[in-house]
2 protein chains.
Amino acid sequence: MNTLAEENYLKSIYHLSVNAASVTTNQLAALLNTKASSVTDMLKKLADKELINYTPYQGVTLTASGEKVAVNIIRKHRLWEYFLVEKLNFKWDQVHEMAEEMEHISSTELIDRLDKFMGYPKYDPHGDPIPDCNGLFNIHNLKPVAAIGVNETGVICGVRDHSKEFLQYLEKQELTIGKNILILEVIEFDRSMILEMENKKIQISREVANNLLISL
Amino acid sequence: MNTLAEENYLKSIYHLSVNAASVTTNQLAALLNTKASSVTDMLKKLADKELINYTPYQGVTLTASGEKVAVNIIRKHRLWEYFLVEKLNFKWDQVHEMAEEMEHISSTELIDRLDKFMGYPKYDPHGDPIPDCNGLFNIHNLKPVAAIGVNETGVICGVRDHSKEFLQYLEKQELTIGKNILILEVIEFDRSMILEMENKKIQISREVANNLLISL
DNA sequence: TTATAAATTTAGATAAGTCTAAATTTTTTA
DNA sequence: TAAAAAATTTAGACTTATCTAAATTTATAA
């Protein structure tokens, strides 16, 4: 149907579209670790297949059919991540690369049965929503910890940065999905924050606070 | 490490090596659904990587390192087939194509954990032995039903033909892995065989008898 | 608003894996 | 054992996805 490279482009366009109306060539080149000229070539190909809307120099958006393909890849990625953590006992910082390969396994029947086998999970190990077999998913309204004030509380529900380093840091601090936190203090000097979590005080930098997502 | 095409060639060479000392270009072309000239090109590449022993016009054998790669792919293929049947409830005739994709997922850690998750199975859904994490597996000594005589018994332990059509036929006749059979009669005219299985009489053609494997 | 910088596209090249057609080697057979 | 047939390899071309370098377009700034 679509090649591996095409799938990766569509997925990347989808992810970059979250923050902007249209996605630029350079953004894609940076995310896909390739050159702008290679991106241009692929964009023409995807436009020919009517998976994206592409006007030279003006960036791209996904068409309805392109978005469907992208969401399906993301569904597969997140379900496999869930499988790796819940069934094979991997840690949340270990599963991304494996899921990057597994998301390209083509069978829809397989992924639907995997979904059923695991009890139709709604969120992956990083708190990201898992699209159902129709491509529908909850967009829950998360805020970075940095966006709330002293004496406010929240539940950790996701991360903005998905890097191994950040996930390992959070794991070590036990700042994991589902934990309740209370903001005790914001240090004026560097805007780092002191939280209470399970009766412990934890100080996190502004950088961390910006990348840790909570629901109120 | 190795490309998808390289992995498929090594796997094919391994499978064809079971029946002969060396594997020919045309055998590979037929099995891989490609042309002899394409095979020659790839054989040169694999020889450069010291995964096969190749002398022009003389066919190929796997080197120790090529065999290790091939066995590892087969391990992954069979473990995923087992997973699909035992965990996701697919039928034994449905899993081959999916496992053809899944066998290329690279992580060794993943496959070893999958193996553990399933309790270290020794045989896949078609009765083929699953190599362990060191590449070792039981070669049990199976015979085609056609090779035994009247009044002899055996346990169905494998198939020679792995085609969907043959597997579906066996399923319908309930001639599945683990069943006990007794040879009641061999029809002289076409050498078809009449078996007793779970108090039922079943007649199978010579063709079927040649492709159904039992242990005595 | 024109010059400069940045972003993007085009042109031409490369590597992997495949193909067809022609050439070569091996095997078979008369 | 020489001619014919079969198997295999070589030569040259194509596609996909990539690259560098040059050209073009858009954005920015004096």
Side-chain angles (χ1 to χ4, degrees), chain A residues 1-17 19-62 66 69-70 73 100-101 103-104 106, chain B residues 1-17 19-62 66 69-70 73 100-101 103-104 106:
Chain A
M1 173 79 181
N2 300 301
T3 66
L4 191 126
E6 287 168 350
E7 290 196 348
N8 285 331
Y9 272 84
L10 292 171
K11 186 181 54 158
S12 295
I13 294 167
Y14 183 89
H15 285 313
L16 291 170
S17 295
N19 307 311
S22 100
V23 174
T24 69
T25 302
N26 271 359
Q27 283 179 306
L28 282 166
L31 187 57
L32 287 161
N33 241 294
T34 185
K35 302 294 150 130
S37 57
S38 307
V39 173
T40 301
D41 286 345
M42 182 56 91
L43 294 182
K44 287 178 188 167
K45 213 174 129 193
L46 293 173
D48 282 347
K49 296 180 84 170
E50 301 192 336
L51 294 164
I52 61 170
N53 305 113
Y54 171 56
T55 319
Y57 299 101
Q58 304 305 307
V60 292
T61 59
L62 291 172
V69 174
I73 298 163
E100 286 285 298
E101 292 182 54
E103 72 190 6
H104 301 290
S106 59
Chain B
M1 172 77 178
N2 299 301
T3 67
L4 192 125
E6 287 168 349
E7 290 196 347
N8 284 332
Y9 272 84
L10 292 172
K11 185 181 54 160
S12 295
I13 295 167
Y14 183 90
H15 285 311
L16 292 170
S17 296
N19 307 309
S22 101
V23 174
T24 70
T25 301
N26 270 0
Q27 282 179 306
L28 282 167
L31 186 59
L32 287 162
N33 241 295
T34 185
K35 302 295 151 134
S37 56
S38 307
V39 174
T40 301
D41 286 345
M42 182 58 91
L43 294 183
K44 288 179 189 166
K45 213 175 130 192
L46 293 173
D48 282 348
K49 295 180 84 170
E50 301 192 335
L51 294 164
I52 60 170
N53 303 114
Y54 171 55
T55 318
Y57 299 102
Q58 304 305 309
V60 292
T61 57
L62 291 172
V69 174
I73 297 163
E100 286 286 299
E101 293 182 53
E103 72 190 5
H104 301 289
S106 60

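Within every chain, numbering begins at 1; the chains are lettered A, B, ... in the order of the sequence lines, protein sequences first and strands thereafter.
In this model, the phosphate group of C:dA16 is not approached by any side-chain N or O of B:Y9 to a distance below 4.0 Å at OP1 or OP2.
Residues B:S106 and B:M1 are not in side-chain contact: their nearest non-hydrogen atoms beyond the backbone lie 4.5 Å or more apart.
For B:A47, the side-chain contact (heavy atoms from CB on, under 4.5 Å) partners are B:I52, B:Y54, not counting sequence neighbours. The salt bridge (charged side-chain N to carboxylate O under 4.0 Å, His left out) test applied to B:K44 returns no partner, not counting sequence neighbours. Residues meeting the side chain to side chain donor-acceptor pair (under 3.5 Å) test with B:S17, sequence neighbours left out: none. Partners of A:E7 by salt bridge (charged side-chain N to carboxylate O under 4.0 Å, His left out), not counting sequence neighbours: none found. Every residue was checked against the side-chain contact (heavy atoms from CB on, under 4.5 Å) condition with A:A20, not counting sequence neighbours, and none meets it. Every residue two or more places apart in sequence or in another chain that forms a side-chain contact (heavy atoms from CB on, under 4.5 Å) with A:T3 is listed here: A:A5, A:E6, A:K45. Checked against salt bridge (charged side-chain N to carboxylate O under 4.0 Å, His left out), B:E100 has the following partners two or more places apart in sequence or in another chain: B:K11. By the side chain to side chain donor-acceptor pair (under 3.5 Å) test, A:T61 pairs with A:N53, sequence neighbours left out.
Between A:K44 atom NZ and C:dA11 atom C1' the separation is 10 Å, expressed in whole Å. Here D:dT18 presents its C1' atom at 14 Å from CG of A:L4, a figure rounded to the nearest Å. We find that CE of A:M42 is positioned 16 Å from P of C:dT10, with the value rounded to whole Å. Between A:K49 atom NZ and D:dT16 atom C1' the separation is 11 Å, expressed in whole Å.
Checking D:dT10, D:dT18, C:dT9 against every side-chain atom of B:T40, the shortest atom distance belongs to D:dT10.
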For residues 25-36 of chain B, dump all side-chain donor-acceptor pairs below 3.5 Å to protein atoms at least two apart in sequence or in another chain.
unit_1, atom_1, unit_2, atom_2, d
B:Q27, OE1, B:T24, N, 2.8
B:Q27, OE1, B:T24, OG1, 3.3

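Taken residue by residue, residues 24-32 of chain A places no heavy atom nearer than 4.0 Å to DNA chain D.
Interatomic distance, B:I13 CD1 to B:N8 CG, rounded to the nearest 0.5 Å: 11.0 Å.
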Filtered N/O pairs between nucleotides 2-4 of chain D and protein, under 3.5 Å:
none

> What does nucleotides 19-28 of chain D look like as a protein-contact string, B for base, S for sugar-phosphate only, - for none, at under 4.0 angstrom between heavy atoms?
Replying inline: BBB--BSS--
